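One-based numbering, in listed order, for ligands and for the atoms of each. Numbers here simply count residues along the sequence, with the first being 1. Just so it is clear, the model here is predicted, and its values are computed rather than measured.
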Amino acid sequence: MTVVSVTLRNFRTYESVRATLGPGITVVSGPNGAGKTNLLEALYFGCTGRSCRTINDRELVRFGSTATRVTVRCEDDAGPHELAVGFAPGEPKRMTADGAPVERLLDAPCRPLVSVFLPDRLELIKGAPALRRAHIDHLVAALWPARAANRRAYGQALAQRNALLVRIRSGHGSKTAISTWDLHLAQAAVGLMADRRAAVELVCDGFRDLADRLGLDGGPSISYGPRSTAADPAAFVAELEARLESDLDRGFTGHGPHRDEVLIARVGRELRTYGSQGQQRLGLLALLLAEREAISSLRAVPPLLLLDDVMSELDSARRTLLVEILAAGPGQVVITTTDLDHVPLDADVAGSRIAITGAGLIQEAVAA
Ligand SMILES: Nc1ncnc2c1ncn2[C@@H]1O[C@H](COP(=O)(O)OP(=O)(O)O)[C@@H](O)[C@H]1O
Ligand SMILES: [Mg+2]
């Protein structure tokens, strides 16, 4: 799946522009505040129906406009595809895939996978475990689309069990009913833990290698830290039963994969707590690159990688190395920079250049 172009109407700084992506690396350059991140965000919005920067879609509508619309054109073996997302404050978002309205763009089969590095996404490394769990669950879905069902089944069973705990605590539900939910929960939990473990195992060698090459010293590692040690549903049920009294006290389930950790570390200490900002950025970058490799080796569809302002914290040798990694890897990359010299593209690397010249204007040039 190749993204061919993105068209923006009244999106942030842009009134009406179309940007064309090259098959390999597309470099978006321009001074600070020019609208580079806005353009990446529009690509993400057009491919997923959501912003990668805000949960408030109103922010996306160009100041003074009443609605925004982003259209992404892509291509695969079956031919051209078109995804469109339109949003006007106060109205439901309108999304279409190949002209047909869809509830969720994420389920559309003709949608490219997208992976995004934003300086704000450091939360993934720094923030609460829930963010890393959700990230790994998305990775599972990207690697093995059918397994996303395990995550949903677990979430549903957990909500039901928690509701029952609350009822029992208030004297309404029966303790025997809980064992039915324990079994549902255990089956989903064991599946979910296996999926997460498999996904982390698929990326961990690549992560270590890429992080190390990009300059994250001290034996960088990513590992899965499940709460439960259960290898099968029966063992998980036993773990739940042992904790039933405290669950009843609290009115929620305190044990299970919804409390898991994904540990990203160097010198044996978590980057989350002990990493510098620069180390956290390298960790995030290496993780996304390792995921891209894992996804493209398992499925024929590497994600579109959006890298915002990733060069500013790398020295020149590592910038060259990153461009080599990106150029050698599968799939498309869009990378923003204030300084074109920071993205040293060899003449033989296929790439496009998009210069943002200010006030929502762009200028395109295709190199090689
Ligand atoms: N809804 C909007 N309408 C118009 N301009 C916006 C909107 N949202 C943000 N901006 C402007 O976008 C600019 C920042 O663009 P951005 O893409 O983040 O810049 P950079 O090139 O540094 O990544 C700011 O000047 C900001 O005022
Ligand atoms: Mg920016």
Side-chain angles (χ1 to χ4, degrees), residues 3 5-21 25-72 84-91 93-94 114-126 277-278 280-282 284-285 288 304-314 319 322-323 326 332-343 345 351-365:
V3 177
S5 69
V6 57
T7 306
L8 290 65
R9 294 265 184 278
N10 295 319
F11 187 94
R12 298 247 191 217
T13 33
Y14 299 97
E15 184 179 356
S16 174
V17 293
R18 189 167 107 127
T20 313
L21 269 58
I25 301 177
T26 299
V27 184
V28 177
S29 65
N32 277 324
K36 301 180 295 299
T37 308
N38 294 347
L39 186 60
L40 281 197
E41 184 185 26
L43 266 166
Y44 190 92
F45 187 68
C47 291
T48 64
R50 301 200 285 241
S51 164
C52 49
R53 282 211 280 190
T54 178
I55 51 162
N56 183 1
D57 290 329
R58 283 168 189 267
E59 290 173 28
L60 309 178
V61 181
R62 186 168 171 261
F63 301 151
S65 302
T66 51
T68 183
R69 183 176 171 81
V70 174
T71 310
V72 172
V85 185
F87 173 74
E91 290 176 27
K93 221 177 325 193
R94 294 211 178 112
V114 203
S115 172
V116 61
F117 174 98
L118 285 178
D120 326 348
R121 279 203 83 200
L122 276 191
E123 277 305 305
L124 179 62
I125 304 288
K126 284 200 292 201
Q277 168 120 332
Q280 292 172 342
R281 287 182 62 132
L282 288 176
L284 175 58
L285 180 60
L288 298 182
L304 167 66
L305 194 55
L306 306 176
L307 300 179
D308 191 29
D309 199 23
V310 71
M311 292 303 190
S312 55
E313 245 166 283
L314 298 176
R319 283 180 194 139
L322 176 59
V323 171
L326 295 175
Q332 293 173 288
V333 185
V334 183
I335 184 162
T336 71
T337 181
T338 46
D339 188 345
L340 264 184
D341 293 341
H342 286 179
V343 190
L345 273 188
S352 313
R353 304 275 169 85
I354 298 174
I356 301 179
T357 49
L361 294 175
I362 69 172
Q363 223 169 49
E364 298 186 310

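- Near Arg62, meaning under 4.0 Å from any of its heavy atoms, are these atoms of ligand 1: 1 (N), 3 (N).
- Proximity of a side-chain donor or acceptor of Thr336 to a complementary backbone N or O of Asp309 within less than 3.5 Å is detected.
- Taking both residues in full, the closest heavy atoms of Leu340 and Arg353 are given as CD2-CD, 4.0 Å, listed atom of the first, atom of the second, then distance.
- Of the heavy atoms in Glu41, none comes closer than 4.0 Å to ligand 1.
- In the vicinity of Gly35, heavy-atom distances shorter than 4.0 Å reach the ligand 1 atoms 15 (O), 16 (P), 17 (O), 19 (O), 20 (P), 21 (O).
- The residue Ile356 has no part lying near ligand 1, judged by heavy-atom distances below 4.0 Å.
- Between Arg53 and ligand 1 there is a heavy-atom distance shorter than 4.0 Å.
- Looking at Val72 and Val85, their side chains never come closer than 4.5 Å, going by heavy atoms from C-beta outward.
- Minimum heavy-atom separation, Thr66 to Pro89: O-CD, 3.3 Å.
- For residue Thr37, an N/O/S atom approaches the Mg ion (ligand 2) to within less than 2.8 Å.
- Among all non-hydrogen protein atoms, the one lying nearest atom 24 (C) of ligand 1 is Gly33 O, 4.4 Å.
- In this structure, the protein non-hydrogen atom closest to atom 23 (O) of ligand 1 is Thr37 OG1, 2.7 Å.
- Considering only heavy atoms from C-beta on, Asp308 stays 4.5 Å or farther from Glu41 through its side chain.
- Atom 11 (C) of ligand 1 has its closest protein heavy atom at Thr13 CG2, 3.6 Å.
- Ligand 1 has no nitrogen or oxygen under 3.5 angstrom from a nitrogen or oxygen of Asn32.
- Every atom of ligand 1 with a heavy atom of Pro31 under 4.0 Å away is listed here by number and element: 21 (O).
- Using a 4.5 Å heavy-atom cutoff, the side chains of Asn38 and Arg53 are in contact.
- A donor-acceptor pair under 3.5 Å links the side-chain atoms of Lys36 to the main chain of Gly30, judged by distance alone.
- Considering backbone and side-chain N/O of Ala34, one or more are found under 3.5 Å from N/O of ligand 1.
- At least one donor-acceptor pair under 3.5 Å links the side chain of Thr68 to the backbone N or O of Arg9.
- Ranking the protein heavy atoms by distance from atom 12 (O) of ligand 1 puts Asn38 ND2, 3.2 Å first.
- Residue Arg121 holds its CZ atom at 6.5 Å from OG of Ser115, rounded to the nearest 0.5 Å.
- Scanning the protein for heavy atoms near atom 3 (N) of ligand 1, the closest one is Phe63 N, 2.9 Å.
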